[in-house]
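Structure record follows, encoded as C-alpha cells.
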Amino acid sequence: MRCNSTLFLVMLFASTYSAASEPIKVASKNFGESYILGELTAQLLEQDGFDVERRFGLGGTLICYEALASGEIDLYVEYTGTIEQAILKLTERASIAELNERIAEKGIRLLEPLGFNNTYAIVVTRDVAERNGLHTVGDLATARDLKVVLSHEFLEREDGWPGLAAAYGLSSQVVGMEHGLAYQALNDGEIDVMDAYSTDGELKRYDLTILDDDKGFFPEYLAVPLIRKDLPARAVAVLRQLAGILDDPGMQAMNAEVVFGKRSFADVANEFLVNKGLADERLIVDAIWPNLVRNTLQHLKLTGIALAAAILVGVFASLAVFRIAALSRALIYFSGLLQTVPSIALLALMIPFFGIGMYPAIVALFLYSLLPILRNTITALTTLDPTLIRVATAMGLSNREQLRYVYIPLSLPSMLAGIRTAAVISIGTATLAAFIGAGGLGDPIVTGLALNDVGLILQGAVPAALLAIITELIFELIERLVLPGHLRVEAAG
Amino acid sequence: MRCNSTLFLVMLFASTYSAASEPIKVASKNFGESYILGELTAQLLEQDGFDVERRFGLGGTLICYEALASGEIDLYVEYTGTIEQAILKLTERASIAELNERIAEKGIRLLEPLGFNNTYAIVVTRDVAERNGLHTVGDLATARDLKVVLSHEFLEREDGWPGLAAAYGLSSQVVGMEHGLAYQALNDGEIDVMDAYSTDGELKRYDLTILDDDKGFFPEYLAVPLIRKDLPARAVAVLRQLAGILDDPGMQAMNAEVVFGKRSFADVANEFLVNKGLADERLIVDAIWPNLVRNTLQHLKLTGIALAAAILVGVFASLAVFRIAALSRALIYFSGLLQTVPSIALLALMIPFFGIGMYPAIVALFLYSLLPILRNTITALTTLDPTLIRVATAMGLSNREQLRYVYIPLSLPSMLAGIRTAAVISIGTATLAAFIGAGGLGDPIVTGLALNDVGLILQGAVPAALLAIITELIFELIERLVLPGHLRVEAAG
Amino acid sequence: MTNCVEFRGVDKSFVFGPDGPKKVLDGIELRFPEGITTAVVGESGSGKTTLLQLINAVLEPDAGEVRVFDEPIPDQHREKFRRRIGYSVQGAGLFPHMTNRDNVVLLAKLEGWIDDLIEERYQVLLAEMGLAMDVSNRYPRELSGGQQQRVGLCRALMLRPRLLLLDEPFSAVDPITRIGIYERFQAVQDHEGVSAVLVTHDMREAVRLAGNLVILREGKVLQHGPPQDVLNAPAHEYVEMLVKEHL
Amino acid sequence: MTNCVEFRGVDKSFVFGPDGPKKVLDGIELRFPEGITTAVVGESGSGKTTLLQLINAVLEPDAGEVRVFDEPIPDQHREKFRRRIGYSVQGAGLFPHMTNRDNVVLLAKLEGWIDDLIEERYQVLLAEMGLAMDVSNRYPRELSGGQQQRVGLCRALMLRPRLLLLDEPFSAVDPITRIGIYERFQAVQDHEGVSAVLVTHDMREAVRLAGNLVILREGKVLQHGPPQDVLNAPAHEYVEMLVKEHL
Ligand SMILES: Nc1ncnc2c1ncn2[C@@H]1O[C@H](COP(=O)(O)OP(=O)(O)OP(=O)(O)O)[C@@H](O)[C@H]1O
Ligand SMILES: Nc1ncnc2c1ncn2[C@@H]1O[C@H](COP(=O)(O)OP(=O)(O)OP(=O)(O)O)[C@@H](O)[C@H]1O
Ligand SMILES: [Mg+2]
Ligand SMILES: [Mg+2]
C-alpha cells in the first residue's frame, strides 16, 4: 500500500510537472471564426489551470492537420465536411463515429460537435422573403424577377450554384459580385438573393433569412475539436464541455461582434464562456497589439536566429577560405546557387527535412542570408592594402593575430554592409515563412492577401518595414561601437 | 479611278508593312495541349507568310484573357466551358454565338470550334468494358466490385465525382490516387475505373474506353480560337481553316505523341498540318532546347534590364548623396523598405501601374536590386583612405574628377560585390516573374510546381543556377578588366 | 618685388584629445619672395606641412589671411588655382591604383595636353629624377621608398607650375642622386623663374637651395631671412643649435 | 665573434615589366657583427629595404642563405622569430585603425606583458623619442610625418628586441630631435648590447652610429668594413663620391 501511494505521488507529480512545463498547443486556421474557436478552447483550458500556447493562423487545412499528426500542435477546431473531403478524401458522408474510426490511426480523435453548421447558405432579406413567400431554396424556382448575385467562387464551384441550380431546378439569371459588397447591396435592396456562409456575422447584423436547404444539397460542416489522443484526460473532459453549446445564431453573433463590433477574438470568446458559466470574466486588451507584438517577436526570432547563424557561418567561412581564391569562389557560387531557388520552392524543399514551422523557415532564411555576408567579407579581406599585411607579418603577428587585429577591423565596414543587407532582405523574406506555419509578420500579410484585407496586410507590412528601419538604426549603433575609430575621426573632420 | 488605285496601293503597302513589322502574338496556357494548339495556330499563320511571336505558357485563364483584352497578345485557343464559367461567369450553357455576343465588347471574338471536346471522362480498359458490359457511366451503377480510383481534384470537386455519382446514382467505393499513377495501375489491371480528360494521350496509348456521359453531366469544353477583332481579315481566314478539323482521337493522338513519343509540340503540330495539307513540312528541332533558350533569353532580358537600371540608378544615386550622411541613410532605408515588401505582393502591386508581363517584373526586380548596390557603393565611398582624397584635392582635381579617378576606382571592388550580389539575387527572384506572365525560367518552374513535375522544375531551376554561375564568371572577367591593376598585382604576388 | 606667398596673422588649430583645439600655427606673419626658393626648417610637428597646406587651400586658416601671388585665395574654382601650384606630398602620397606613369601624367591629361607633349615632358622629368623608364607601368607599391618619392616629385612638376610646394621631397633619396636633382632644380629655377617653398630637415640642403630661410618652432616663426643672415646671426637659442649642427 | 646577421650568396629578384625578373640583390656575402650597429648606405633602389626584409623573412631569398644569430631562419613559428627582431618600417607603416598607443603596445599585449610594465615602457619610449603624451589616443593620420616615424620606432623597440632593423628611421625627424634620439640609442646599445642594422642616406649618421658600414649599389656590395676604413680607403668611385659628399 505504501509502495502504491508513493507511485501515485510520483505520477501526480509527473503529470503536474508535465502540465506546468509542456503547455497545450492550441491552433487555429487563418480566418476569423477559426480564431474565435481557437480562443474558446484555449481559454476554457486556461480556466482549468492548463498552460496554453496559441499557434493561431496556420495556413490551411493541410498544415493544421499535419502539425496535429506530427504532434507539433495538440488541438484545433475543424469542420466535419473538411475532414471528410480534404483530410480523409471520402466520397460519402460519414458519421462522427466513422470519422473518428478512420482518423484514429494518426493518433487523432474528434470530440463532439460544438453544435453549429458552417456551410453554404442562400439568403434573402426578411422583407424579400415575406413579399415573395420564400422559405426553401426550391421556392426560388417559382419566384420571378429576383436579382440573384453570387460570389465568384460560389458561382464557379460545382458544389456551389451550378449543382444547386441543377438540384432544385433553378433557372434564375445570376451575376457575380465581391462577397463583401453583396451584403451591402442586399441590405440596400439593390439585389434580392445571395450566397453566404451560414455563420457569417452579417446574417445577424442585417437580419437576413436563410432559405432552407430541404433537399440537403449543401454538405454538413459541423465544427468539432480535433485533438491528439494523448491529450491528458482532464483536458479532454474540459473540452467536452463545449459539446452542443454553440448554435448557428450564436456563432453568427460572435462573428458579428468581431467584424462589426470591432472586438477582439479573445474578448468575444471570453464573453461567451462567461455567459455559459464556463469561465471567469477576464480583462482582455485590444487584440491587435498583442497579436502585433507576438508576430513581431516571432519575426525577430526567425530573422534573428537565421541572421546570427549566417553571420557566424558566413564570417568564419570567409576567414577560413579567403586566402584560397578557388575555395572562395566555390563558396560564393554555392551560396549564389541557393539564391536562385525561389523562396517558396526552398521553403517547400525544407519540409521533408525539417517539417513545418520555425525550423525550416530559419534554415531557409539562413541560406538566403549567406551570400551578401560571404561576398562582402571575402571581397573586403582580399582587397586590403597589402603593405599593412606585410607590416603585420614583419612585426611577428601570427595568422590568427593578423585576422584579429588587421584583417577583421579593416574589413569591418564592408562586412557590416553585407550583414545589414542580409538582415533587411531576411526581414522581407521572412514574411513568406507564414506559408509553412512559422508565424511572424507574414501571418497577417498572407491572411490579408488571401482575404484581400488591406488592413490586415498593413498589420504585417508596416511592422516589417519598421523592423527594417529599427534594424538599420541598431546596426548604426553597433557600427558606432565597433568600427575602427579612425573612420569616425574622418567623419567628424 | 487613278486616285482609288493609289489609295489601294497605299493600303496594301500599309498592311504589308504592318504584317512585316508587327508580328501576330500567339499565346498558350501552361499545359501541353494548349502548347500544341498554340503551335497549330502559329504555324498555320506562318505558313501564310505572317510573322508570329509565340508567348506560350502564360499562367492561367485570367492572365491569357487579360492579355488578349489589353492587346498584349492577339489570339490563343480557349475552351467554351472556361469562357462560360471563368471568363463570362455565366451559369447556363451558351452557344458559340451567344458567347461571341457577350465577349464582343472587349474587342474579342470566337472562331469556330476545332472539333474536339476536352472535358472530364470516366474511362475503363477495353477488357473491363467488355467483361462488364459497360457503355455508359450509368452502367457503373449496376456493375459490382469494380475498383474505382479517382484523382484527388476530381474527387473533391462537386462537378467531379460527387455530382456525377448523384446524377447517375452511383454508390461505388472510390479511392484517391495520383492521376499519373492511375493510368499505369489501370493498364496493369490493378484498378478498373478512373477519371480522365477526354483528350489525354493515355486514352489512345492504353486503348481505353470512355464511358458515355449520356445524361450530359460533364459540361462541354470545345476548343475555340479566341482572337482580337482587329486581327487582319486574311489571318482570320487562315485560322478559320481549323474549324472542325480536329476530333477527340486526333487530339488524344497528338497529346500522346508529345507525352510518349517525346516529340516537341511544334513537331507534332506540324505533322498534323502537313497531313491535312495545310502546311509544308518543316524541320523542327527538339523542343526542349528552343524552349530553354527562349526562357533563358527572356530571363536574361528581365534581369539584365532590371540590373542595368539598378546599377545606373544605384551608382549614380550613391555618388550623388554619399557626401551627405543623412541623405545616404534615407536612400538606404528606403531601398531597405522595398525589400520588406514580399516579392509576390510587390509583383501584384505593380499590376495596376504596369499591367502584366515584362514591365512590372522588371520594375520589381529593379527595386529589389537597389539595396545591395546602394549600400556597398555608399559604404565604400565613405570609408576610403582620406589621405588620398586630400592629395586629390591638393593636386587640383575637381569633385567630378575626384569621383572619376579616385573614388570610383578605389570603391570598385566593393561596388562590384554589391552588383554581383544583386545580379544573383535578381536571377533568383526573376523566377517569380512567371506569375505575372513575364516568362523566363520561372515558367517551367511555376508550371512544374503546379503540375508537380520535377523534370519541368529542373528545366527552369538548372538553367537559372547555370545563369547564376555564368553571371559570376562574366563578372569575374569584367573585374579582371576594370579592377585597378594594383589589386591584380597583389593577387599575383 | 612681388611675393609668391604671404601669411598675414595666420592661426591654425587642430582638435586632439579632450583639451579642445590646440594651436598648431600661431600668428604667422611671413612673405616669401617670388622667383626664389624659401626653405622652411623646424622641429618635427612644428607645423611645416600645415603651413604648406594652407598655401594651396587644402586647409583653411582659423584666423588671418593667406595670399598667393598677391591675391587672396579664390573662393571658387579652387581646382584651377591648385593646378598652378605643384605639391609634392610628404611621403610621396601616390595613388596606389594608378601606375606610376598615370600618377605623373594625370593632370596633364585632364588639362588636355596632346599625347606627344605629355610623353616628352614625362620622359624629361623621369630622366631628371634619375628614374629608369621601367618604373612607368609599375604601381607605386612596387617601387622603393626613394623611387616613390621621386615619382611624386615628377607629378608635382608635370604642369610646370609657377609655385612649387615641396614637403621633404628628397628625404628618402640617396645623397648622390640628390645632388643631381639639386642641379636640375636650380637650372630650371634660374631658367623659368619658378618660386618654391621647400620644407626640409637638412640645413645644408636649405642653405644650398634657398634664398630665403624660415625657422619654425611650436607653430611660431623663430627667425626668417636670407640663409647667410640666419647663419651669421641666429636670433634664438634653437636656431643656434641648428646652425651648429649644420657645420 | 658571433654575427647577428649573415648573408651567404643571397640573390633576390622581382618581376617587373615584360623583361622577366630583375635581380635586385646579387650574390650578397655579408656578416654583421653582434652588439654593434651596421649601417647600410646606397643608392635609392639599390636593394636596402629588400635586404632588411630578407633578415626577418618577410621575403625569401631566391638563392643563398640568410642566417640570424648564427642559425638559419626557422621554417616554423616564424612569428616568434620575428618578434625578437624589431623592425621600423620605411615611412612608419603604422596601422591606420589603431591609436598610436595601440600601435606601439600591440605586441607587448600579445606577449602577455602586465599592464603596468607595458605602460611604463610605453612612457619611457615616448619620452626618448621626444613625443608628447597627447599623441597616445590619436590615430596615426592625425600626426605629422616625423611624429609618425617616431611612433614607428617606439613600436620597433617595444619588446626590447635583440636585433633592430631600422629602415631610414630618422629621415623625417628634425636634426635637433634626432641628436637626442642618437644619444638615447647609443646609451641603450652600450647598455643592452643590442645589434642593429641601420639603413640611411645620411653618411654622417652612418659614421656616427655604426661600427660597420656597408655600401650597396645596384644590388651589389661595393665595400664594407669599419666606417673609418671606408672613409680612408674608398674602394670604388661611387664610394669616393659618397665620402666627398659627407665632408
Ligand atoms: N614589390 C616589388 N615589385 C617589383 N619591384 C620591386 C618591388 N619592391 C621593390 N622593387 C624594386 O627592387 C629594387 C630595390 O628596392 P628596395 O626597396 O630594396 O630599394 P631601397 O634600396 O630600399 O631604396 P630606397 O632607398 O629608395 O628605399 C628597386 O628597384 C625597386 O623598384
Ligand atoms: N589631422 C590632424 N589632427 C590633429 N592634429 C594634427 C593633424 N594633422 C597634424 N596635426 C598636428 O599638428 C601639428 C603640426 O603638424 P605638421 O604636419 O604641420 O608638422 P610638420 O612640421 O610637418 O612635422 P614633420 O616635420 O614631422 O612632418 C603636429 O603636432 C601634429 O600632431
Ligand atoms: Mg610634415
Ligand atoms: Mg628602402
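Chain identifiers are assigned alphabetically (A, B, ...) following the order of the sequence lines, protein sequences preceding nucleic acid strands; residue numbering begins at 1 within each chain. It should be emphasised that the depicted structure is a prediction, and the values quoted were computed from it without experimental measurement.
Of residues 388-406 of chain B, those residues lying under 4.5 Å from chain C by any heavy-atom pair are B/Leu388, B/Arg390, B/Val391, B/Ala392, B/Thr393, B/Ala394, B/Met395, B/Gly396, B/Leu397, B/Ser398, B/Glu401, B/Tyr405, B/Val406. Residues of residues 313-329 of chain B never come within less than 4.5 angstrom of chain C, heavy atom to heavy atom. Residue-level contacts of residues 52-60 of chain C with chain B, in order of numbering, are C/Gln53, C/Asn56, C/Val58, C/Leu59; threshold 4.5 Å between heavy atoms. For a heavy-atom cut-off of 4.5 Å, chain B lies close to C/Glu79, C/Arg82, C/Arg83, C/Tyr87 in residues 76-88 of chain C.
Taking C/Val89, C/Leu110, C/Leu106, C/Leu165 one by one and counting their heavy-atom pairs under 4.5 Å with chain B, the maximum is reached by C/Leu110.
Neither the backbone nor the side chain of C/Leu159 comes within contact range of chain B, judged by heavy atoms closer than 4.5 Å.
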